Each structure stands twice: as structure tokens, then as C-alpha cells.
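All of these numbers come straight from a predicted model, not from anything done at the bench.
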Amino acid sequence: EPLRTFLYQQVGGLNPPRDASTNADPGAPGAEQVAALRVPVLMIEGADDEVVPPPLMHAFHALIPGSEYAEVPDAGHSVYFENARQFNDLVGPFLARHLGG
């Protein structure tokens with residue numbers, strides 16, 4: 001899949017590899033600011049995401065009161081590209097709930 005390969009090469013160049021176990025630490029720098037968020041937050045995660053793995057997203061989700069989490073099977077880091085229909089099916093209702101539309 002040339003388009004997906006190109007996309008992941010570009011994303012990979014912007015995101016250095018990291019160990020998910022150390023980044024999932026609720027005491028990590030910045031965690032306090034994340035926990036203080038009081039705006040609607042929807043986290044859409046690809047089940048096969050290697051850039052920001054599901055355990056890391058679960059940790060962020062647990063930090064933000066009232067946040068919503070959705071995991072899309074058979075998708076990696078770019079759910080909006082890899083499965084645009086499911087991405088839109090998640091984002092549309094979220095926006096309608098929080099924007100009153």
C-alpha cells in the first residue's frame with residue numbers, strides 16, 4: 001500500500017520512537033496539565049498504532065475526567081486516513097453532542 005507506506009514514513013519522521021511503558025506514567029511531565037483539561041476530549045485510537053500505542057492512550061484517557069475513548073480495529077496511527085468512514089462515524093456524533101448540532 002504505497003500511500004499508507006508514505007504516510008507512515010512521514011509520521012515516523014515527526015515522532016521519535018518511545019517506550020510506551022515509560023510514557024504511560026501518570027506522574028510523567030505534562031500529566032498534570034492533561035488531567036486539568038475541562039473541554040470535551042475524544043481519543044480515537046487505532047488498535048495497531050505503533051506511534052502512540054493503545055496503553056499510552058488508555059493512560060491519557062484515564063487522566064482526563066469525562067474524556068471519551070474509541071479504539072478502531074485494523075487501523076494504525078492515522079485512523080482518519082485508514083478508516084475514514086469509522087473516524088467520521090465517531091467524530092460526527094461527538095461534535096453533535098458537544099456543539100449542540
Side-chain angles (χ1 to χ4, degrees):
E1 296 183 45
L3 286 176
R4 189 178 287 190
T5 299
F6 175 76
L7 174 66
Y8 278 105
Q9 289 171 338
Q10 298 304 305
V11 170
L14 298 172
N15 294 286
R18 59 181 160 245
D19 178 6
S21 65
T22 58
N23 287 322
D25 175 12
E32 213 171 87
Q33 288 90 352
V34 170
L37 288 173
R38 296 296 179 260
V39 296
V41 174
L42 171 61
M43 298 174 188
I44 301 175
E45 172 73 324
D48 302 326
D49 191 341
E50 294 181 12
V51 177
V52 182
L56 178 57
M57 291 299 289
H58 281 287
F60 279 119
H61 171 55
L63 284 174
I64 303 171
S67 64
E68 298 178 38
Y69 178 88
E71 192 167 298
V72 177
D74 301 318
H77 185 68
S78 302
V79 176
Y80 61 90
F81 177 79
E82 298 172 47
N83 191 334
R85 178 171 296 199
Q86 187 158 4
F87 180 85
N88 290 334
D89 288 347
L90 292 164
V91 172
F94 176 81
L95 292 174
R97 281 193 309 279
H98 295 285
L99 298 177

Chemist: Where do L90 and V79 land on the side chain to side chain contact (heavy atoms under 4.5 Å, CB included) test, with the steps shown first?
Modeler: CA-CA 11 Å; L90 292 164; V79 176; 5.7 Å; no
Chemist: Between the side chain of E45 and the main-chain N/O of Y69, is any donor-acceptor distance below 3.5 Å?
Modeler: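 Looks like no, no N/O pair under 3.5 Å.
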Chemist: Given side chain to side chain contact (heavy atoms under 4.5 Å, CB included), test N83 with D74 step by step and report yes or no.
Modeler: CA-CA 9 Å; N83 191 334; D74 301 318; over 6 Å; no
Chemist: Would D49 and M57 count as a side chain to side chain contact (heavy atoms under 4.5 Å, CB included) here? Give the steps.
Modeler: CA-CA 10 Å; D49 191 341; M57 291 299 289; 5.7 Å; no
Chemist: Roughly how far apart are D48 CG and E82 CD, rounded to 0.5 Å?
Modeler: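 Answer rounded to 0.5 Å: 8.0 Å.
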Chemist: Between G46 and P54, which heavy-atom pair has the shortest distance, and what is it?
Modeler: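 Scanning both residues completely, I find the closest heavy atoms to be O-CG, 3.9 Å.
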Chemist: Which residues pass the side-chain contact (heavy atoms from CB on, under 4.5 Å) test with R38, sequence neighbours left out?
Modeler: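 P65.
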Chemist: For residues L99 and V39: do they belong to one hydrophobic cluster (side chain heavy atoms under 4.5 Å, members Ile, Leu, Val, Met, Phe, Trp, Tyr)?
Modeler: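 Yes, same cluster.
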Chemist: Listed by chain and number, what are the ring pair (Phe, Tyr, Trp, His ring centres under 6.0 Å) partners of Y80, not counting sequence neighbours?
Modeler: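 Not a single residue meets the ring pair (Phe, Tyr, Trp, His ring centres under 6.0 Å) criterion with Y80.
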Chemist: Kindly give the heavy-atom pair with the smallest separation between V34 and F60, and that separation in Å.
Modeler: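 Heavy-atom minimum between the residues: CG1-CD2, 3.7 Å.
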Chemist: Is any side-chain heavy atom of I64 less than 4.5 Å from a side-chain heavy atom of M43?
Modeler: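 When only atoms from C-beta onward are counted, M43 and I64 do touch, with a gap below 4.5 Å.
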Chemist: Could you tell me which non-hydrogen atom of H77 sits nearest to which non-hydrogen atom of V52, and how far apart they are?
Modeler: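 Smallest interatomic distance, heavy atoms only, reads CE1-CG2, 3.7 Å.
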Chemist: Nearest heavy-atom pair of S67 and H61: which atoms, and what distance?
Modeler: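 Residues S67 and H61, closest heavy atoms: OG-ND1, 2.7 Å.
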